[in-house]
Each structure stands twice: as structure tokens, then as C-alpha cells.
Amino acid sequence: MILELDCGNSFIKWRVLESSGASISAEGIADSDIALIDGLTALSGLLLTRCRLVSVRALEETDKLVVALVEAFGVTVSCAGSAREMAGVRNGYEDFERLGLDRWLAMLGAFKLASGACLVLDFGTAATADFISSDGEHVGGFICPGMPLMRNQLRTHTRKIRYGDVAAERALERLSPGRTTVEAVERGCTLMLRGFVLTQLELARSYWGEDFTVFLTGGDADLVSDAAPQARLVPDLVFVGLAMACPLS
Ligand SMILES: Nc1ncnc2c1ncn2[C@@H]1O[C@H](COP(=O)(O)OP(=O)(O)O)[C@@H](O)[C@H]1O
Ligand SMILES: CC(C)(COP(=O)(O)O)[C@@H](O)C(=O)NCCC(=O)O
Ligand SMILES: [K+]
């Protein structure tokens, strides 16, 4: 069985594939290395042979996780790395190694699925947009605070914005102007993200007319999907790219 990991700034997304790579036998989200290893250990019939991962965390942090995985499961771990060019996509950064690996893998996955120009929108800790033209050129992208960062900045830099997770979830049942603090903040931040989506769509249209595919991914993709009804919601887009960047043969 193959373990795949996407280590973002907030969560580790994981899944276990059958050895052929054809089907998913388990998947989940962990908020720490320990929670990940406990979650995997609790699975019955787990026989890991290989592991591939992508991380946007600090090198030492990623190394620590790799050591823990080797210790716990005796697996060989391969980590996705940067590339100037791969699978027909050319990294557009001046310094290609500085482009976030999750963005790079999502771009590889998107270009493979679209076989044409694409706009990749990822809503995690940060919200990112990346533009890939039909010939595989990465035009560049944008990085903004995502929902968790916007919400936490308001909570920690004001005196009177305080509320819990349950109230936050309930506040997003509608997007009309808020009549409580929690509604005002949660809906306001959601509308900021939707505005971000609309701006990116407008820019993509100015480059490519209607001839492009929009991909939505990341834990908060659902919050903005109404703003881009034409988009393909692909929660595992990073994993599509991970399999391309770390083939297990
Ligand atoms: N099942 C879930 N578990 C945890 N977070 C989730 C889940 N579904 C959506 N989210 C939201 O996803 C966001 C994190 O997205 P994610 O793509 O995991 O970020 P990152 O890659 O930066 O770690 C958070 O705002 C969180 O509330
Ligand atoms: C932009 C990001 C913080 C997004 O991380 P995420 O929200 O997925 O945790 C990450 O891709 C990153 O650290 N990138 C390096 C900087 C760059 O891409 O320019
Ligand atoms: K991510």
C-alpha cells in the first residue's frame, strides 16, 4: 500500500492507496504528526510499502515527520522537489525553487487534467491563484491570506471579535449582511475570497477569452464554489501532481 501526504501549513492531508495505485483504501486529515501516525496506526490491515509526500513546511519539520514515518512503518519515503519544468509545465518563478511545492503539484495536476490553459485556485491557510497557458507556461500567480488567516487576524488584533467554531459554521448558512459579530466576520471574509475568485476569473478571461479550465482545491474551496460555477472542484489536485512528481517505480 502507498501512503500519500500533503503537508500544508495547517493540516496534513493523507490517503492510503492500494499497491497498484488504482484505488483509495483510506483517507483523512491530521492536525499534527502524532495525530497522523496515531490515525494510521489505528487502521486495520495497513501494510505500507511506499510513501510519497509534499510539504510546504520547514525542512527540519518535514525531516522530523519523515523520520517518524520510517520509524513507525518502516517505509521508504520520497519527497516531491522543485523543478524548472515537468510534464509540459514550465515554472514561471524567477527562482523556481521558491514556488510553493503544493502550488507546483496542483499546477502539474491541473495541466494534465485540462490539457490546455488553466487557472488553479487553492483555498487553504493561504489563498493562491496560478495561471498556466495552453503551451504549459506558468504565467505566475497570487498569494493572499486564506480564511483561517483572515479570521485569526481579526480575532487576535481586535479586542471584541471573539466567537467559537460552532457559531462560525452556523453563520455561513447565508451570506446576507451580518447582524452579529460572528456573521459579520465569517460572511465578510467569505465575500473577500469570492471577490478574489472573480478577479482571477476576469484576468484569465483577459488572457484566454473563454478558453481555459478553472480548478478549485484546498480545504475551503466549497466556500467559494458559487463564485465560479464553471470550475472543476478537485479536492485531491495536489495528489494528482504528487503522483506525477514522485512516480513509484
Ligand atoms: N474536514 C476538514 N478538516 C479540517 N479542516 C477543514 C476540513 N474541511 C475544510 N476545512 C478547512 O480547510 C482549511 C484548511 O485548508 P487546507 O487546504 O487543509 O490548508 P493547508 O493546506 O494550508 O493546511 C481550514 O480553514 C479548515 O477549516
Ligand atoms: C503560498 C503557500 C503559503 C500556500 O500554503 P498553504 O496555504 O497551502 O498551506 C505555500 O505554497 C508556500 O509557502 N509557498 C512559498 C512561497 C511562494 O509560493 O512564493
Ligand atoms: K495546500
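Every number for a ligand or one of its atoms is a count from 1 in the order of the listing.
- Among the backbone and side-chain atoms of D6, no N/O/S atom is found under 3.4 Å from the K ion (ligand 3).
- For atom 16 (C) of ligand 2, the nearest non-hydrogen atom of the protein is R98 O, 3.5 Å.
- Among protein heavy atoms, the minimum distance from atom 13 (O) of ligand 2 is reached at V56 CB, 4.3 Å.
- For ligand 1, the atoms closer than 4.0 angstrom to any heavy atom of S10 are 20 (P), 22 (O), 23 (O).
- Of the candidates P148, G219, A30, it is G219 that places a heavy atom closest to atom 17 (O) of ligand 1.
- Atom 5 (O) of ligand 2 has its closest protein heavy atom at N9 ND2, 3.3 Å.
- Residue T125 touches ligand 2 through backbone and side chain together, judged by heavy-atom distances below 4.0 Å.
- With distances taken over non-hydrogen atoms, the option nearest atom 27 (O) of ligand 1 out of T217, T128, D220, N9 is D220.
- Expressed to the nearest 0.5 Å, how far CG of L105 lies from SG of C246 amounts to 7.5 Å.
- With a 4.0 Å heavy-atom cut-off, ligand 2 is reached by the side chain of T128 but not by its N, CA, C or O.
- The shortest contact between atom 8 (O) of ligand 2 and any protein heavy atom is with D102 OD2, 2.6 Å.
- Ranking protein heavy atoms by distance to atom 22 (O) of ligand 1, first place goes to T125 OG1, 2.5 Å.
- At least one heavy atom of K13 sits less than 4.0 Å from an atom of ligand 1.
- Polar contact check, G8 against ligand 2: no nitrogen or oxygen pair lies under 3.5 Å apart.
- Of the charged side-chain nitrogens involved, none lies within less than 4.0 Å of a carboxylate oxygen, so that R15 and D6 do not count as a salt-bridged pair.
- Considering backbone and side-chain N/O atoms, Y93 comes within less than 3.5 Å of an N/O atom of ligand 2.
- Inclusion of R151 in the set of residues having an N or O under 3.5 Å from an N or O of ligand 1 is not warranted.
- For the residue pair S176/R187, the side-chain donor-acceptor check at 3.5 Å is satisfied.
- Counting protein heavy atoms only, atom 14 (N) of ligand 2 is closest to G100 CA, 3.3 Å.
- Distances from atom 9 (C) of ligand 1 to the protein include at least one heavy-atom value under 4.0 Å.
- Distances between N or O atoms of A126 and those of ligand 2 include at least one value under 3.5 Å.
- Taking only nitrogen or oxygen atoms, main chain and side chain alike, R103 reaches within less than 3.5 Å of ligand 2.
- With a 4.0 Å heavy-atom cut-off, ligand 1 is reached by the side chain of I29 but not by its N, CA, C or O.
- One side chain, Y93 or R103, offers a donor N or O that lies under 3.5 Å from an acceptor on the other.
- The protein atom (non-hydrogen) at minimum distance from atom 5 (N) of ligand 1 is F11 CE1, 3.6 Å.
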